Amino acid sequence: MITLQNERLRVCLAERGAEIVSVQNADGYEFIWQADPAFWGKHCPLLFPVCGRLLHFTHVYEGKEYKMGNHGFAQRKIFAARQLSGTQAEFTLHEDEETLSEYPFRFALTVRYTLEGNALTIETGVENTDNKPLYCNFGSHEAYAAGGNFTDWAVRFEKKEDFVLTEQNADGQLTGRRIPYKDDTDLLPLSWEMFANDSLLFDGLRSRKVWLEHKGERVLEVEFADFSHLLLWTKPGAPYIAIEPWNGLPDTADADGQLRHKLGILRLDPGESKTSPHTIKFLK
């Protein structure tokens, strides 16, 4: 475990998955969901090399099938960790025998955390260290504590939106349908009924930041300017809400399994890299 700390916040980061496991303010208020296995035993998993679920948990490269679980393997891997200062740390993952059995590419995945005031910036970067094109997605899955009456919580968007959901079927694949959800509003009051069919997947948002509010008070802000999609998710009955910036999408229901054909896939040529930051401000 690595700890970052200043006068405002104490942030605990795990080498497994390069995952945020705790953010507390000076009064001891905990912002991060504490992974109660009765509901969901994770905090803030990192999604790589895919976001969401592959059709039949399978992809194909050069005629060979590979199996990969939901959101990829980074969340379960032990990263090499370096504490750069009292307020900055870096985590790095390279391919190994296990990852190559699921994903036949060589890569360097780096996550850098920087704490400044009440803001934690997460810079996620992927470099293609192979001699062939690399295909990947990455995203974040931070879950925030939302105790008490869940309907006292809401997500407020930077701009008014005409919300359209990208529909997912019961197996987590995209159906191709886009469903009007709510028009001309910047506020989504939360209820467990909203998540009866799993997550809410939004694209085409004008907003580049959102706030988690409790009884109208802003608790935290998530800025995701460099990410193409935003998801909201919880399990009905669970006292947390996940606010998830993604660069990528689940498979479509008719996917052919080829990563290079995957909707929203990122292609990196040998030596090429891509870094996307997002920032969480803890306001309470």
Side-chain angles (χ1 to χ4, degrees), residues 2 4 11 13-20 44-52 54 59-62 64 66-85 87-116 120-142 208 223-230 244-251 257-280:
I2 285 184
L4 308 182
V11 178
L13 308 166
E15 285 91 343
R16 183 177 297 277
E19 185 179 19
I20 305 169
C44 304
L46 173 66
L47 316 183
F48 176 86
V50 294
C51 297
L54 297 172
H59 69 95
V60 179
Y61 182 73
E62 293 186 342
K64 182 178 177 180
Y66 297 86
K67 292 291 186 180
M68 189 188 302
N70 202 26
H71 299 314
F73 50 72
Q75 59 189 305
R76 71 172 189 264
K77 299 296 290 182
I78 303 297
F79 283 62
R82 292 192 303 152
Q83 182 140 13
L84 304 178
S85 71
T87 56
Q88 191 173 70
E90 186 175 88
F91 297 79
T92 305
L93 179 70
H94 296 274
E95 78 286 340
D96 61 21
E97 184 175 346
E98 181 186 32
T99 70
L100 289 169
S101 71
E102 300 181 32
Y103 179 70
F105 301 95
R106 300 184 183 278
F107 62 88
L109 174 64
T110 302
V111 187
R112 178 174 289 195
Y113 291 96
T114 303
L115 177 62
E116 186 173 358
L120 181 66
T121 297
I122 304 105
E123 298 171 275
T124 305
V126 182
E127 180 185 0
N128 181 0
T129 59
D130 216 322
N131 58 4
K132 59 191 179 190
L134 178 148
Y135 300 94
C136 71
N137 295 127
F138 55 91
S140 292
H141 199 306
E142 287 96 4
R208 295 289 87 194
E223 185 275 323
F224 57 99
D226 205 33
F227 286 80
S228 53
H229 300 85
L230 188 74
E244 309 175 34
W246 287 14
N247 272 332
L249 289 165
D251 264 354
Q258 302 283 344
L259 278 183
R260 68 179 186 274
H261 297 159
K262 186 175 172 61
L263 191 64
I265 199 70
L266 174 67
R267 171 185 164 135
L268 297 176
D269 289 326
E272 190 176 4
S273 62
K274 166 71 174 176
T275 299
S276 292
H278 70 289
T279 297
I280 309 166

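Counting begins at 1 with the first residue of the sequence. A quick note: this is a predicted structure, and the numbers were derived from the prediction, not measured.
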Any residue meeting side-chain hydrogen bond (donor to acceptor under 3.5 Å, both in side chains) with [X], in chain and number order, not counting sequence neighbours:
X      : result
Thr99  : none
Gln88  : Thr114
Glu127 : none
Asn137 : none

Exactly one of His71, His229, His141 should register a ring pair (Phe, Tyr, Trp, His ring centres under 6.0 Å) with Trp246. Which one does? His71
Which residues share a ring-ring contact (aromatic ring centres under 6.0 Å, His included) with [X], sequence neighbours left out:
X      : answer
Tyr66  : His59
His278 : Phe227
Phe138 : none

When you compare the side chains of Thr121 and Thr279, does any donor N or O come within less than 3.5 Å of an acceptor on the partner?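 Thr121 vs Thr279: donor-acceptor pair found between side chains.
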Report the residues that fulfil salt bridge (charged side-chain N to carboxylate O under 4.0 Å, His left out) with [X], sequence neighbours left out, ordered by chain and then residue number.
X      : result
Glu272 : none
Arg82  : Glu90
Arg208 : none
Lys77  : Asp96, Glu98

Quick one: [atom1] on [X] to [atom2] on [Y], what's the gap to the nearest 0.5 Å?
X      : Y      : atom1 : atom2 : answer
Glu19  : Ser140 : CD    : OG    : 11.0 Å
Leu259 : Leu266 : CG    : CG    : 11.5 Å
Asp251 : Ile265 : CG    : CD1   : 9.0 Å

Are any of the side-chain heavy atoms of [X] and [Y] separated by less than 4.5 Å?
X      : Y      : result
Lys274 : Cys136 : no
Asn247 : Cys51  : no
Val111 : Leu13  : no
His261 : Val60  : no
Val50  : Tyr103 : no
Thr124 : Ser276 : no
Pro245 : Glu142 : yes
Lys132 : Phe105 : yes

Could you report the tightest heavy-atom contact between [X] and [Y], atom names first, then the distance?
X      : Y      : result
Ser228 : Gly248 : OG-N, 4.0 Å
Ala18  : Phe79  : N-CD1, 3.7 Å
Glu102 : Phe73  : OE1-CD2, 3.7 Å
Asn128 : Pro270 : ND2-N, 3.3 Å
Pro250 : Lys262 : C-NZ, 3.5 Å
Val126 : Leu134 : CG1-CD2, 4.4 Å

Run the side-chain contact (heavy atoms from CB on, under 4.5 Å) test against Pro133 and tell me which residues pass, sequence neighbours left out.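 Listed in chain order: Tyr135, Arg267, Asp269.
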Should we count CD of Glu116 as having more than 12 external heavy atoms under 6.0 Å?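 Atom CD in Glu116 is not crowded, with 12 or fewer foreign heavy atoms closer than 6.0 Å.
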Donor-acceptor contact present, side-chain Gln75 to main-chain Gly17, <3.5 Å: no
Assess whether side-chain contact (heavy atoms from CB on, under 4.5 Å) is satisfied between Leu84 and Arg112, documenting all intermediate values. CA-CA 10 Å; Leu84 304 178; Arg112 178 174 289 195; 3.8 Å; yes
Kindly determine whether Ile20 and Leu120 satisfy side-chain contact (heavy atoms from CB on, under 4.5 Å), including the steps that lead there. CA-CA 10 Å; Ile20 305 169; Leu120 181 66; 3.9 Å; yes
Could you walk me through whether Phe107 and Leu268 pass the side-chain contact (heavy atoms from CB on, under 4.5 Å) check? CA-CA 10 Å; Phe107 62 88; Leu268 297 176; over 6 Å; no
Applying side-chain contact (heavy atoms from CB on, under 4.5 Å), run through Tyr113 and Phe91 and close with a yes or a no. CA-CA 9 Å; Tyr113 291 96; Phe91 297 79; 3.7 Å; yes
